[in-house]
Amino acid sequence: MTVTITREGTIAVVTVDNPPVNALSQALRQALVEAAAALDADVSVKAVVLLCAGRTFIAGADVNEFDKPPLPPHLPDVVTYIEAAKKPWIAAIHGSALGGGLEVALGCAYRVAVPSASLGLPEVKLGIIPGAGGTVRLPRLIGPAAAVDLVTSGSPVGAKKAEALGLVDTLIDSDLRIGAIAFANSVADKPLPQPISSRTVPAVDAGFWESAQMAVSAKAKREVAPLRALASIRNACEADFASAMAFERETFLSLRGSPQAAALRHVFFAERAAPRPPELAGVKPRDIRSAAVVGGGTMGAGIAAALRDAGLPIILVERDGVAVERGLANIRAIYEGSVKRGRISEEIAVDRMAGVTGSDDYGLLANIDLVIEAVFEDITVKHAVFAKLSDVCRPDAVLATNTSYLDPSQISEGIAQPERFLGLHFFSPAHIMKLLEIVPTETTAPDVLATGFALARLLGKIPVRAGICDGFIGNRILKVTRAQAERLLLSGATPSAIDAAMRSFGLPMGPFEAQDLGGLNIAAFQRKAARVRGEMPFAPIADRLCAIERFGQKSGGGWYDYQPGERAPLPSAIVAGIIAREAGGWPQRPWDEASIVDAIVLPMVNEAARILEERVALRAADIDLVKIHGYGFPHWRGGPMHYAEARGLIEVLSAIDELSAEGLADQPSEGLRSAAQAGGFSGLAG
Ligand code: 3HC
Ligand code: NAI
């Protein structure tokens, strides 16, 4: 049953129960309309409390229905029906009132909420705008400026802020049902408040819309929905209610079928599926109540901060007293940065640091549940660390390595109880970046693997299982990105043209700017190791730059020149000269933005298909999450695999065929060929 009606004297309580998040499916919309009709007709009812069972108030429209034609009753009509009720409806909010859920609440005469509730219109995050009066009623209730903030950011606000904005009438500290019924009794005999739809919108200052347009546009970059949402709010402030509703609905329906909305929906479901891989269903993770990090450098400090932010007490182990102090200072610097940016208060920072114990004594790890190693990328150093951990840790403690490129199986050799070992590959800065690649070895026990996923949930990260290969999923594809970028240089493109094209595709930075920022030496080190293994990594120009110590911004120049103290990249005559010398024998051709993007992104997809075929990744959507959350691939393009499928895999295949015929890319992988034949990557996934 999605909706039940019970009575408390003259108050009717309408309880929505549509797990998991009370989304507004067609059945629920129908049931709400029927409840509204029945209660309007019932003279014994003076007021109605709308309450939800389970973990949340109505969390929005049912996103699963967005790929299908809309079925009546449509949500705007449901909201109108509730707003037109002869007696007051009181939305009693716990959990999240989001999207259509908040729109239903805006149809109610009053809104009450528990202090922990949050309210928002996150539609722009799904590439759409509110479609049931959100952009029209909200400015009438809380004014245009607050409505613009809420709708164009898509970010929810807490109940206390919502109360301050006038979005919530009263906070209920005690039991929500009892409090909401008491509130209903207090308003039952009062005249109904003016419906929001018939209220006027407060005037805005001159120039308000123009500056809002500039601010939203700067933030949205190439995302379409935020500006369309702004246009709908502006229209709602300037037009009458009915035509504003029509304008909003038309925009909502047109965006619902747009490529960006499809991509963002794909990411929405991929992110929600990621923490619960079906292959681990029913496997109970080990308890993690305490954690330690070995190595307090860039990664170790970030990982320690991430663990600490999740509430775990942390031990940081370093080589000696001086290194311990440096490691603790690295963590402190992270918290100081967070305080400066206003993310946390000074008190919280102090509290977080108080939960970190620094030491060079491995003995402190005797009773720790999880230890993550983040020492130098050197197999001998890592072996020595895990030998000590094997000696001191409890046999059931989970031991993890944060290695980027070493083989975790090799690292685990010699560990006591190797079934408790796995790779946990964080991304820099580890307390911020959402991605966590989880890398089991052949001996990793299922409950240890499940612990990796549970840890990701605890840290608020997006976990993706990766198989063992050079660079796992993300860095393996990154190598292709970089190799392609160099191929383009050798065949006539410039670093700045390539960077500009990739930025205009939606990446925050082009491949050369990114290398100059991070430093070219790390990749050079990995190429050296690969050559020792007999591989032949392709980076002729990067190799030449490293040979003359052009490592990037920190050495004063890399792919670009930099003025002392400046970060603006300047084209480099030295680099141009190196490219010209290396390019002998390469076919030269003109490159426009679209062909640059194709020559970089499509070979990434080709490699990703190979990764799927080898089962280094289990699902195409996992690869999308890796590239979006680890490497800045535009989320509104849905990740490389979704992008390729939306383009059409046959077209992608033939573009790669052409590039490889010109010597500008590897040949199509078997994985890509078979996915193209099957019409999608799902056949390759397991
Ligand atoms: N439609 C369909 N399914 C949804 C959903 C929705 N709006 N929101 C969540 N779900 C599903 C998830 O896919 C997941 O399914 P699964 O268990 O099968 O994987 C399940 O609900 C639980 O979701 P979470 O793991 O995200 O649960 P949490 O407890 O962590 O978070 C939440 C709860 C805060 C409500 C979060 O789910 C959320 O933010 N949901 C999205 C809300 C949203 O975007 N609403 C707007 C929709 S668009 C709209 O309303 C248009 C309107 O204007 C017409
Ligand atoms: P780093 O050089 O900044 O830090 C390494 C730290 O380990 C140093 O503080 C050092 O004193 C400490 N250390 C060395 N030997 C030790 C020992 N025996 N016991 C205790 N501490 C010891 O290196 P970084 O960048 O933090 O990398 C650490 C690991 O994380 C490497 O395996 C690296 O490949 C991996 N990684 C790095 C990423 C990055 O962007 N820097 C991203 C993801 C993984």
Side-chain angles (χ1 to χ4, degrees), residues 18-25 54-66 70 74-76 79 95-104 118 120-135 151 154 156 248-249 252-253 256 261 264-265 268-276 293-303 316-320 322-324 326-327 330 360 362 372-385 388 401-406 411 423-430 433 437 457 460 472 474-475 518-519 522 525-526 630:
N18 189 23
V21 295
N22 293 313
L24 287 153
S25 60
R55 62 195 205 240
T56 179
F57 190 75
I58 301 168
D62 188 339
V63 179
N64 293 302
E65 290 182 357
F66 283 7
H74 303 299
L75 192 55
V79 177
S96 310
L98 297 177
L102 181 56
E103 289 172 309
V104 167
S118 60
L121 291 168
E123 283 85 345
V124 293
K125 295 190 171 165
L126 290 167
I128 54 175
I129 70 162
T135 65
V151 178
E248 179 195 76
R249 188 74 182 165
F252 166 78
L253 288 174
R256 208 179 81 132
L264 288 164
R265 273 203 297 283
F268 175 88
F269 285 117
E271 283 175 356
R272 274 153 186 84
R276 292 183 291 267
V293 178
V294 185
T298 311
M299 291 309 289
I303 295 168
L316 179 74
V317 174
E318 261 286 356
R319 290 180 285 179
D320 50 43
V322 176
V324 169
R326 205 173 41 229
N330 288 340
D360 58 359
Y362 280 73
I372 301 176
E373 165 277 309
V375 302
F376 300 139
E377 185 77 336
D378 177 318
I379 189 77
T380 316
V381 179
K382 293 203 191 271
H383 272 154
V385 167
K388 283 189 199 151
T401 176
N402 181 49
T403 183
S404 321
Y405 286 95
L406 295 174
I411 296 176
L424 291 177
H425 186 215
F426 290 78
F427 289 71
S428 181
M433 295 294 282
E437 280 183 327
R457 268 200 300 281
F472 312 128
N475 283 342
I522 301 171
F525 179 76
Q526 276 135 23

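Just so you know, ligand 1 is whichever comes first in the structure, and atom 1 is the first atom listed for that ligand. Just so it is clear, the structure is predicted and the values come from calculations on it, not from any experiment.
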**OP:** Mark up the atoms of ligand 2 that fall under 4.0 Å of a heavy atom belonging to His425, in ascending order.
**Re:** 43 (C), 44 (C)
**OP:** Spell out, as yes or no, whether a donor-acceptor pair under 3.5 Å connects the side chain of Glu318 to the backbone of Arg326.
**Re:** no
Original post:
Counting each atom of ligand 2 from 1 as listed, which ones have a heavy atom of Ala374 under 4.0 Å away?
Top reply: 5 (C), 6 (C), 7 (O), 28 (C), 29 (C)
Original post:
Which atoms of ligand 2 have any heavy atom of Ser404 under 4.0 Å away?
Top reply: 33 (C), 34 (O), 35 (C), 36 (N), 37 (C), 43 (C), 44 (C)
Subject >> N/O donor-acceptor pair under 3.5 Å between Glu248 side chain and Gly133 backbone >> reply: yes
Subject >> Residue, atom name and distance, where the atom is the protein heavy atom closest to atom 13 (O) of ligand 1 >> reply: Arg272 CD, 3.7 Å
Original post:
Take atom CZ in Phe269; do more than 12 heavy atoms of anything else shown fall under 6.0 Å from it?
Top reply: yes
Subject >> Qualifying residues under side chain to side chain contact (heavy atoms under 4.5 Å, CB included), relative to Ser25, sequence neighbours excluded >> reply: Asn18, Ala27, Leu28, Asp62, Glu65
**OP:** Answer yes or no: does an N/O atom from Glu318 fall short of 3.5 Å to an N/O atom of ligand 2?
**Re:** yes
Original post:
Just to confirm, does any protein heavy atom lie below 4.0 Å from atom 32 (O) of ligand 2?
Top reply: yes
Original post:
For Val63, is at least one N or O under 3.5 Å away from an N or O on ligand 1?
Top reply: yes
Original post:
Quick check: does Gly100 get an N/O under 3.5 Å from an N/O on ligand 1?
Top reply: yes
**OP:** Do me a favour and list the nearest non-hydrogen protein atom to atom 4 (C) of ligand 1 with residue, atom name and distance?
**Re:** Val21 CG2, 3.8 Å
**OP:** With heavy atoms of Lys382 as the reference, note each atom of ligand 2 found under 4.0 Å away.
**Re:** 31 (C), 32 (O)
**OP:** Going by heavy-atom distance to atom 23 (O) of ligand 1, choose the closest among Glu271, Arg249, Arg55.
**Re:** Arg55
Original post:
Just by distance, do the side chain of Thr56 and the backbone of Ser96 share a donor-acceptor pair under 3.5 Å?
Top reply: yes
Subject >> For atom 18 (N) of ligand 2, the option (of Val385, Ile303, Thr298) bearing the nearest heavy atom >> reply: Val385
Original post:
Any heavy atom of Ala273 sitting closer than 4.0 Å to ligand 1?
Top reply: no
Original post:
Counting only heavy atoms on the protein side, is anything nearer than 4.0 Å to atom 8 (N) of ligand 1?
Top reply: yes
Original post:
Is the closest heavy atom of Ser96 to ligand 1 under 4.0 Å?
Top reply: yes
Subject >> Closest protein heavy atom (residue, atom, distance) for atom 40 (O) of ligand 2 >> reply: Ser428 CB, 3.4 Å
**OP:** Check each atom of ligand 2 against the heavy atoms of Thr403 and keep those under 4.0 Å away; list them by number with element.
**Re:** 32 (O)
Original post:
Which residue supplies the protein heavy atom nearest to atom 19 (N) of ligand 2, what is that atom called, and how far is it?
Top reply: Tyr362 OH, 3.1 Å
Original post:
Atoms of ligand 2 less than 4.0 Å from Gly297 heavy atoms?
Top reply: 3 (O), 4 (O), 6 (C), 9 (O), 26 (O)
Subject >> Distance from atom 20 (C) of ligand 1 to nearest protein heavy atom, with residue and atom >> reply: Pro20 CG, 3.5 Å
**OP:** Identify, by atom number and element, the atoms of ligand 2 in contact range of Val294, meaning under 4.0 Å from any of its heavy atoms.
**Re:** 19 (N), 20 (C)
**OP:** Would you check whether Phe269 has a nitrogen or oxygen atom less than 3.5 angstrom from a nitrogen or oxygen atom of ligand 1?
**Re:** no
Original post:
Does ligand 1 have any atom that is closer than 4.0 Å to a heavy atom of Thr56?
Top reply: no
**OP:** Provide the number and element of each atom of ligand 2 under 4.0 Å from a heavy atom of Phe426.
**Re:** 42 (C), 43 (C)
**OP:** Out of Arg319, Met299, Gln526, indicate the one that has the non-hydrogen atom closest to atom 17 (C) of ligand 2.
**Re:** Arg319
Original post:
Given Gly60, Gly99, Ala59, which one has a non-hydrogen atom that is nearest to atom 43 (C) of ligand 1?
Top reply: Ala59
Original post:
Of all the non-hydrogen atoms in the protein, which one sits nearest to atom 14 (C) of ligand 1, and at what distance?
Top reply: Arg276 NH2, 4.2 Å
Original post:
What do you reckon, does Glu377 have a nitrogen or oxygen under 3.5 Å from a nitrogen or oxygen of ligand 2?
Top reply: yes
Original post:
Nearest to atom 7 (O) of ligand 2, what protein heavy atom do you find, and at what distance?
Top reply: Val375 CA, 3.4 Å
